[in-house]
Protein chains: 2
Amino acid sequence: MVGESSRIAGPDGLRADARRNRGRILVAARAVFAEHGIDAPMATVARRAGVGVATLYRRFPTRDALVRAAFAQQMETCDRTLTEALADPDPWRGFQRLVETICELQREERGFPAAFVAAFPDSAVEQTRVRKRAERDLLTLVRRAQEAGALRADFHPSDLAVALLSHCGLVTALPHDRAASRRLVAYLLQSFRAEAAHGALPPPSALLLRSLPLAADSSPRQRPSRA
Amino acid sequence: MVGESSRIAGPDGLRADARRNRGRILVAARAVFAEHGIDAPMATVARRAGVGVATLYRRFPTRDALVRAAFAQQMETCDRTLTEALADPDPWRGFQRLVETICELQREERGFPAAFVAAFPDSAVEQTRVRKRAERDLLTLVRRAQEAGALRADFHPSDLAVALLSHCGLVTALPHDRAASRRLVAYLLQSFRAEAAHGALPPPSALLLRSLPLAADSSPRQRPSRA
DNA sequence: GCCTAAACGGACGATGTCGTCCGTTTCACA
DNA sequence: TGTGAAACGGACGACATCGTCCGTTTAGGC
């Protein structure tokens, strides 16, 4: 029901006051989610934003939509970081910075970890263009770092998801403990180095492999049928 | 208000039917928590156990009490595993088995990770005897493994908490993905090996250090004053 | 078998959150 | 400055969960 270019239309089709309120809501959402967790009442967000509940629901029909929009900026930062990592002439340094930056984002922007985890299963379903590109970039980054002899050969791209999700869990459990977060990141990065490869690793996650089809699959995407 | 040995008294002061129901509740709680998470309605647990809500509340006045009781067995397994690890002539093997066993418990007994994390901040406050002994044992295990040259010298006992909490987070995010869990454990254990120590690590968590006073402090316990 | 204290379970009021409805206000173009 | 569509916000009914109250049932010593 998009009015076919009626009288008023901002750059995004919103009236000025509506756009202003939308921004306020997003700021309030981040603050409230950071303080009370991602399950905080919608009314709390609305009150904080100085807006009625109806306005909030009009812009973001579901909590999920609000969460996604609130942390879209952080998600974009992740994406940009990947691009920068790929541009780094030293692939290991790029990889290292990627992990450190994303984890730092998770550590500093409270509420983001929950959003990150929540977005995970769903974002595997929605095959956006940006996501597919990110997957391809990650694959390239990993391969380069391995070819440079810095990243261990048995590292699998899904291991990055393992690292980030476990780090999410840590900062969720200990939101104020930056040192613990840094320690985990340091340990993980060291264990990803080629020199750290001593014993054999158990096989990589098949589930993550499926949800993020990182392997260069030439077959057309097949909708997995639920039993 | 324990009746001074009135007419009826089981070994634990409960009547036979009460004890039976208590057991049913605990079984049901584990099942429900595994299926619907630790925040599942109390009524669901009661229904599953085939008892009324009142009975449930009579035995376990708070959800927290129920959670603790439901996973007390798992907690005890953790404790026993530590004792066994300490008894192992090879301290590294003991350490490794400790980590692997606890993580396996977290992985297989769904609902336990949430209980584990939930218990963390509180159990640091309640200074039970078993807990203090566990801390001392852990300290001993770590020192021995380090003296044997297997565990890296800059490993800090609080790093075990970091590892277990992050693993909790991973299995919470991906409850069905055993492979991911195993991968993380393998990476972490490799990074704890002395050979993996390459760069310097950031300082260990001061918060965890305080909540679990693992360092052999001879000073009397001092109540940390909140500002 | 009797009897009483203990255990039981369902009903119920309180609380909090959700998401919608609808009368009012505001924007922005003419 | 007038006008109508868009945006606004608070009120409200629906719904779920909590934790207690109280009448009923049952265990188990005598």
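No experiment lies behind these values; they were computed from the predicted model shown. A note on names: the letters A, B, ... follow the listed sequences, proteins ahead of strands, and every chain is numbered from 1.
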Visitor: Is A:R59 touching bases, backbone alone, or none of the nucleic acid, heavy atoms closer than 4.0 Å?
Guide: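 Contact class for A:R59: sugar-phosphate only.
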Visitor: Test side chain to side chain contact (heavy atoms under 4.5 Å, CB included) on A:E35 and A:R110 and set out the steps.
Guide: CA-CA 8 Å; A:E35 200 166 336; A:R110 287 175 51 203; 5.7 Å; no
Visitor: Taking only side-chain nitrogens and oxygens of B:N21, does any of them come within less than 4.0 Å of OP1 or OP2 of C:dC8?
Guide: yes
Visitor: Would you mind reading off the distance between A:L56 atom CG and D:dG10 atom C1', rounded to a whole angstrom?
Guide: 14 Å
Visitor: With a 4.0 Å cut-off on heavy atoms, is A:A18 in touch with a base, just the backbone sugar-phosphate, or nothing at all?
Guide: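 Sugar-phosphate only.
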Visitor: With sugar-phosphate meaning primed atoms plus P, OP1 and OP2, does B:R47 contact a base, only sugar-phosphate, or nothing at under 4.0 Å between heavy atoms?
Guide: nothing
Visitor: If you look at every strand shown and take non-hydrogen atoms under 4.0 Å, does A:R63 touch a base, only sugar-phosphate, or nothing?
Guide: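 Answer is sugar-phosphate: A:R63 comes under 4.0 Å of backbone atoms only.
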Visitor: For A:T55 and D:dG9, is the shortest distance between a side-chain N/O and OP1 or OP2 below 4.0 Å?
Guide: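 Answer is yes, contact under 4.0 Å.
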Visitor: Check the distance between C:dC18's C1' and A:L66's CG and give it to me in whole angstrom.
Guide: 14 Å
Visitor: Return the value, rounded to whole Å, for the distance between atom CZ of A:R24 and atom C1' of D:dA7.
Guide: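 After rounding, the gap between these two atoms is 13 Å.
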Visitor: Could you walk me through whether A:F155 and A:F95 pass the ring pair (Phe, Tyr, Trp, His ring centres under 6.0 Å) check?
Guide: CA-CA 12 Å; A:F155 182 91; A:F95 178 83; 5.4 Å; yes
Visitor: Ignoring hydrogens and angles, tell me if any N or O in the side chain of A:T83 forms a donor-acceptor pair with the backbone of A:D79 under 3.5 Å.
Guide: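 Yes; at least one donor-acceptor contact below 3.5 Å.
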Visitor: Which whole-number value in Å describes the distance from A:L14 CG to D:dA5 P?
Guide: 18 Å
Visitor: Within the structure, does a side-chain N or O atom of A:R15 lie under 4.0 Å from either OP1 or OP2 of D:dC8?
Guide: no
Visitor: Nearest heavy atom decides the nucleotide; on that basis, is B:A54 or B:D39 closer to the 5' end of DNA chain D?
Guide: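 Looking at the nearest nucleotide for each, B:D39 comes out on the 5' side.
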Visitor: I'd like to know if B:E108 and B:R178 make a salt bridge, using a cut-off of under 4.0 Å between side-chain N and carboxylate O.
Guide: yes
Visitor: Return the 5'-most residue of the pair B:A16, B:A43 with respect to DNA chain D, ranking by each residue's nearest nucleotide.
Guide: B:A43
Visitor: Answer yes or no: does a side-chain N or O of A:R20 lie under 4.0 Å from OP1 or OP2 of D:dA7?
Guide: no
Visitor: Figure out the CD1/C1' separation between A:I25 and D:dA7, and round it to whole Å.
Guide: 11 Å
Visitor: Examine C:dC8: is either OP1 or OP2 under 4.0 Å from a nitrogen or oxygen in the side chain of B:R58? Give yes or no.
Guide: yes
Visitor: How close do B:A69 and B:F60 get, counting heavy atoms only, and between which atoms?
Guide: CB-CE2, 3.6 Å
Visitor: Which whole-number value in Å describes the distance from B:Y57 OH to D:dT17 P?
Guide: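 Rounding to the nearest Å, OH of B:Y57 and P of D:dT17 are 11 Å apart.
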